[in-house]
Amino acid sequence: MENTIIKCENFNAWFGDNHVVKSVTMDIPKNNLTAVMGPSGCGKTTFLRCINRMHELAPDARTEGSLKLYQDEVYDIHPILLRQKIGMVFQHPNPFPNMSIYDNVVAGYKLNGIKLSKAERDDIVEDSLRKAALWMEVRDTLRKKGTFLSGGQQQRLCIARAIAMKPEVLLLDEPTSALDPVSTSSIEELLIDLKKNYTIIIVTHNMQQAARISDRTAFFYMGELAEYDHTKQMFISPKDKRTQNYITGRFS
Amino acid sequence: MDTRFIRYRKVKNNLFKGIVILFSFLCTIPLFCILYYIIRKGIKEINWHFLIRLPMPVGEVGGGIANALSGSMMIVLVAAVIAIPFGILAGIYLSENKDKKLAYWSRLSADIMQGIPSIVTGIVVYFWIVKPMKSFSALSGSVALAMMMLPIVVRTTEETLLRIPNSFKEAALALGVPYHRVILRVIVPCGLSGILSGSLLAVARIAGETAPLLFTAFGNPYMNVNIFKPMQSLPLMIYNYAISPYDQWHNMAWGAAMILLIWILLLNLLTKLVTKRWRIQL
């Protein structure tokens with residue numbers, strides 16, 4: 001596939017003896033929105049966390065096979081550099097409670113000790129918050145703590161914090177599962193907008209969400225990549241029996 | 001029949017509630033008794049001269065407790081400077097590595113250390129520091145007090161940091177922030193109010209300790225600001241004056257006790273303020 005940004009070949013992940021991701025081979029194209037879906041415990045979140053090596057926080061985690069960002073093997077890049085290139089947004093909004101909205105957006109720079117001038121910082125904050133569709137709501141309260149915002153606003157603040165680092169890829173781990181329907185739809189619109197500039201990989205429990213927003217969908221089942229295709233194709237005529245059963249609601 | 005049953009339960013409930021209220025009220029009585037007694041005995045001693053003058057020989061009026069007050073502050077300050085950084089760092093380790101063997105043993109030793117009688121700490125420090133240096137000293141007193149503070153600081157830091165959700169750590173790590181910065185710039189600031197108030201409470205806890213100072217700081221009737229020499233402190237002074245045969249010294253001991261009490265009350269108030277001011281909504 002041309003334009004590939006992430007390329008997996010026979011990629012496996014374990015926690016201790018538990019084989020969580022089994023021999024996954026897939027190419028993820030640039031500036032696309034790729035959804036990863038599947039039933040609970042199918043390894044989709046672990047797979048996502050392998051991409052920026054966050055799964056390594058578990059002491060008994062290990063991997064095998066190849067996972068490349070462009071030409072570089074992800075497991076040869078230092079995790080600190082890798083995570084600056086691959087941003088992440090979590091299931092529960094987690095703005096830093098000791099920082100203002102402004103500081104939360106530039107937290108990636110501040111915490112990494114990257115020096116910026118005031119003007120540069122102001123630019124990054126405004127730009128990131130605009131891209132996260134939050135600027136209009138918070139521009140007068142930038143000095144307030146991020147935790148005063150509503151759940152949906154907090155999640156958009158987390159997205160702003162991630163894109164402030166100008167990442168190549170944005171990983172989202174069920175970003176709307178803790179939000180109400182209104183906030184969910186505003187985040188979905190935002191993601192569709194963001195994929196022009198970023199490669200987005202979103203783990204979702206919600207099939208409709210995958211169908212609404214993604215270009216391609218990967219369906220994981222029991223640690224295996226059961227099917228990976230253009231979203232329309234997959235939802236209209238799934239090739240794999242397991243996908244078919246999942247989509248038609250025979251199990252969830 | 002039904003209503004009787006319910007009435008019986010109501011009576012039982014009210015009785016229980018009454019007992020709980022009564023006992024929580026009883027808990028406050030000792031404090032007020034102590035306050036009342038010390039203020040009644042001590043208040044007439046306290047004036048400006050009492051705070052800034054040195055003690056007078058027996059029989060002369062108008063002596064003060066300047067040496068004990070400054071000595072106490074100095075000994076406690078040095079103890080805090082030793083114990084707080086150590087305690088916070090150890091507490092960070094314990095909260096970050098809950099299941100490691102080393103964490104288990106250091107948690108256990110912190111808990112045991114809290115239970116060691118303070119006089120024993122004093123004797124140990126006597127053999128560690130006073131004997132080799134061949135002199136009683138304020139520094140040895142500070143070390144003894146620091147040993148008493150340490151477990152309190154360690155455990156409050158650990159417990160505060162354990163309550164901070166893992167998601168903030170993950171958020172920072174996912175931004176590519178190195179581990180030590182995650183701890184120092186995200187986790188510790190989130191727990192700052194708990195850590196500070198734990199440290200202040202530890203200071204309040206040791207400010208009135210007498211036993212560990214008996215063989216270490218020893219006491220000194222003169223003004224001394226050299227931490228390598230024996231130094232007076234409020235609890236030591238109260239002890240020495242209270243067991244003396246002179247009425248005037250007894251009165252001064254009451255005055256000093258009141259000053260010590262005020263000091264500790266202020267520290268407790270400060271702790272409450274700090275907790276409120278730096279509390280972070282998680």
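Chain A is the first sequence line, chain B the second, and so forth, proteins listed ahead of strands; every chain is numbered from 1.
In this structure, B:Glu158 does not pair ionically with B:Arg163, as no charged nitrogen and carboxylate oxygen lie closer than 4.0 Å.
With a threshold of 4.5 angstrom between heavy atoms, A:Lys85 does not approach chain B through any atom at all. For A:Leu57, the part lying under 4.5 angstrom from a heavy atom of chain B is the side chain only. Only the backbone of A:Ile86 comes within contact range of chain B, judged by heavy atoms closer than 4.5 Å. A:Pro167 does not touch chain B: none of its heavy atoms, backbone or side chain, sits under 4.5 Å away.
For the set A:Pro59, A:Gly113, A:Pro79, A:Ala164, the entry with the most heavy-atom pairs within less than 4.5 Å of chain B is A:Gly113. Contact count against chain B (heavy-atom pairs under 4.5 Å) is highest for A:Met54 among A:Met54, A:Gln91, A:Met88, A:Met165. When each of A:Arg53, A:Met99, A:Arg83 is checked for heavy-atom pairs under 4.5 Å with chain B, A:Arg83 comes out on top. Ranked by heavy-atom pairs under 4.5 Å with chain A, the first of B:Ser167, B:Ala171, B:Ala172 is B:Ala171. The greatest number of non-hydrogen atom pairs below 4.5 Å with chain B, out of A:Lys110, A:Lys145, A:His78, is found for A:Lys110.
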_Stepwise side-chain hydrogen bond (donor to acceptor under 3.5 Å, both in side chains) check, A:Ser66 with A:Glu73_ = CA-CA 7 Å; A:Ser66 158; A:Glu73 198 61 53; 3.3 Å; yes
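For A:Asn94 and A:Arg161, the side-chain atoms include at least one donor-acceptor pair closer than 3.5 Å.
Remark: A:Arg143 is positioned above the aromatic ring of A:Tyr102, its terminal NZ or CZ atom under 6.0 angstrom from the ring centre and at most 45 degrees off the axis.
A 4.5 Å side-chain heavy-atom check between A:Glu168 and A:Tyr70 finds at least one atom pair inside the cut-off. Counting only heavy atoms from C-beta outward, the side chains of B:Lys98 and B:Leu162 approach each other to under 4.5 Å.
For B:Trp128, the CH2 atom is loosely surrounded, since the number of other residues' heavy atoms within 6.0 Å does not exceed 12.
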